[in-house]
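For reference, the structure discussed in these notes is given below.
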Amino acid sequence: MKFDLHTHHFRCGHADGTIRDYVEAAISAGLQAIGISDHTPYFGEKAEQAFPGIAMGKSEIANYVEEVLELKKEYAGKIDVLLGIESDYFPEHFETYRKVLSNYPFDYIIGSVHNVGGVSIFNKNRWKKLSDQQQIEVKEDYYRLIQDSARSGLFQFLGHIDAMKGNYPAFSDIPAERMLDETLQVIAENGVAIEINTSGKTKLSGGWYPSDAILERALHFGVDVTFGSDAHKPSRVGDELNQVAARLKEIGFKEWVYFKNKQKISVPL
């Protein structure tokens with residue numbers, strides 16, 4: 001079973017192509033299922049589109065859902081088009097997000113932490129002049145938010161759980177092993193999966209999210225895994241899927257999961 005649950009398109013303002021382009025790319029890549037999972041609107045402000053280069057406008061979410069559902073019908077029998085969405089986890093706005101997203105028939109919702117302390121996780125300038133202890137505190141704050149997102153009950157899987165290394169590779173070396181293990185245990189206990197996301201190659205860190213070391217710990221704690229290219233252009237759909245499957249087998253995983261109607265479906269690697 002070949003699938004890709006993490007893709008974006010033009011509505012978010014920083015991706016190329018239409019949803020149909022991603023569906024067609026998935027068919028060309030030999031996938032049996034393609035998840036469409038663009039960024040939610042930002043519901044933390046009254047503005048229609050507070051961050052036009054980051055997330056779609058509020059009025060677009062209904063259009064987005066309608067388009068995916070139409071393509072799901074059109075491509076039935078050719079490929080399984082899954083309705084997903086990627087939602088930031090903002091504790092202060094969480095109930096607003098939960099209420100809005102409950103209005104739509106998502107197959108799954110990806111929970112991602114993109115901001116810590118009001119600063120993007122990809123902002124490498126945040127690390128300047130921080131002491132070793134302050135760096136540890138930032139990393140622990142990041143994983144604390146991921147733990148809370150796992151406990152929230154809103155998400156079927158969590159996106160790129162070490163993406164803070166993206167533009168600051170030294171993040172991986174900041175000592176916080178106990179917090180990481182605690183986070184993986186919380187994820188497992190709450191029945192939430194994590195994705196292997198191949199978009200790290202587009203950042204300074206290169207490689208995948210999360211690292212092999214984290215995947216080995218995830219296996220130890222019994223965390224389910226899924227796959228997402230995090231494609232922002234159609235040519236990246238299914239990118240390195242076969243290599244990821246092979247590496248997961250080497251680590252010791254026997255299966256991975258995808259989601260339909262918010263139900264977890266396990267398939268052999």
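Count residues from 1 along the sequence. Please read all numbers here as calculations on a predicted model, not as lab measurements.
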Would a single hydrophobic cluster contain both V138 and V119, if residues Ile, Leu, Val, Met, Phe, Trp and Tyr are joined by side-chain heavy-atom contacts under 4.5 Å? no

Side chains of E195 and N197: do they bring a donor and an acceptor to under 3.5 Å? yes

Centroid-centroid distance, F171 to Y142, less than 6.0 Å: yes

Does the side chain of V237 reach to within under 4.5 Å of the side chain of D21, using non-hydrogen atoms? no

Looking just at side-chain N and O atoms, do Y258 and Q32 make a donor-acceptor pair shorter than 3.5 Å? no

How far does SG of C12 sit from CG of D38, to the nearest 0.5 angstrom? 4.5 Å

Donor-acceptor pair, N167 side chain versus F122 backbone, under 3.5 Å? yes

Do W256 and V244 pass the side chain to side chain contact (heavy atoms under 4.5 Å, CB included) test, and can you show the C-alpha distance, the side-chain angles, and the key distance before you say yes or no? CA-CA 11 Å; W256 52 7; V244 169; 4.0 Å; yes

Determine the interplanar angle of the Y89 and F155 rings, folded into 0 to 90°, and report it as parallel if under 30°, tilted if 30 to 60°, perpendicular if over 60°. perpendicular

Within 6.0 angstrom of K262 NZ, more than 12 heavy atoms from elsewhere: yes

Between S37 and L5, is any pair of side-chain heavy atoms under 4.5 Å apart? no

H39 vs H8 aromatic rings, parallel, tilted or perpendicular, using cut-offs 30° and 60°? parallel

Using every non-hydrogen atom in the two residues, find where V225 and A193 come nearest and quote the distance to one decimal. N-CB, 4.5 Å

E67 and salt bridge (charged side-chain N to carboxylate O under 4.0 Å, His left out): which partner among R11, K72, R20? R11

Which residues satisfy the side chain to side chain contact (heavy atoms under 4.5 Å, CB included) test with Q49, sequence neighbours excluded? P52

Nearest heavy atoms of D4 and G238, plus distance in Å: OD2-N, 2.8 Å

Side-chain heavy-atom pair F3, D80 within 4.5 angstrom cut-off: no

Using 30° and 60° as the class boundaries, would you call the ring planes of F259 and Y108 parallel, tilted or perpendicular? tilted

Within a strict 4.5 Å, meaning less than it, do heavy atoms of the S59 and E48 side chains meet? yes

D132 atom CG, over 12 foreign heavy atoms within 6.0 Å: no

So which heavy atom on I121 is nearest to which on V116, and how close? CG2-CG2, 3.9 Å

Test ring pair (Phe, Tyr, Trp, His ring centres under 6.0 Å) on F90 and F43 and set out the steps. CA-CA 10 Å; F90 297 110; F43 298 116; over 10 Å; no

Contact check, side chains of N261 and D107, non-hydrogen atoms, under 4.5 Å: yes

Transitive ILVMFWY side-chain link V186 to I146, under 4.5 Å: no

Test: E70 and K73 ion pair at under 4.0 Å: no

From CA spacing to verdict: side chain to side chain contact (heavy atoms under 4.5 Å, CB included), N103, V65: CA-CA 10 Å; N103 293 320; V65 169; over 6 Å; no

Is a donor from one side chain sitting under 3.5 angstrom from an acceptor on the other, for N63 and E60? yes

Nearest heavy-atom neighbours spanning I174 and Y168: CD1-CE2, 4.4 Å

With a 3.5 Å distance limit and no angle check, can you tell me whether D224 reaches the backbone of V257 through a side-chain donor-acceptor pair? no

For Y97 and P41, work out which heavy atoms get closest and say how close. OH-O, 3.6 Å

Quick one: do R217 and E177 satisfy side chain to side chain contact (heavy atoms under 4.5 Å, CB included)? Show the steps, please. CA-CA 10 Å; R217 301 302 296 157; E177 288 79 7; over 6 Å; no

Is the closest side-chain heavy-atom distance between P175 and I136 below 4.5 Å? yes

Rounded to the nearest 0.5 Å, what's the gap from CG on D162 to CG on L180? Could you check? 8.5 Å

Under a 3.5 Å threshold, yes or no: a donor from one side chain and an acceptor from the other, between T198 and R236? yes

With side chain to side chain contact (heavy atoms under 4.5 Å, CB included) as the criterion, how do K165 and K139 come out once you've worked through the C-alpha distance, each side chain's angles and the decisive distance to 0.1 Å? CA-CA 10 Å; K165 73 183 181 185; K139 188 168 185 175; over 6 Å; no

Does the side chain of Y209 come within less than 4.5 Å of I161's, by heavy atoms? no

Within-4.5 Å side-chain heavy-atom neighbours: T7 and P234: no

Test item: side-chain donor near acceptor, Q243 and W208, under 3.5 Å: no

Decide yes or no on salt bridge (Lys or Arg N to Asp or Glu O under 4.0 Å) for R151 and D148, but give the supporting numbers first. CA-CA 5 Å; R151 293 187 182 102; D148 290 345; 3.3 Å; yes

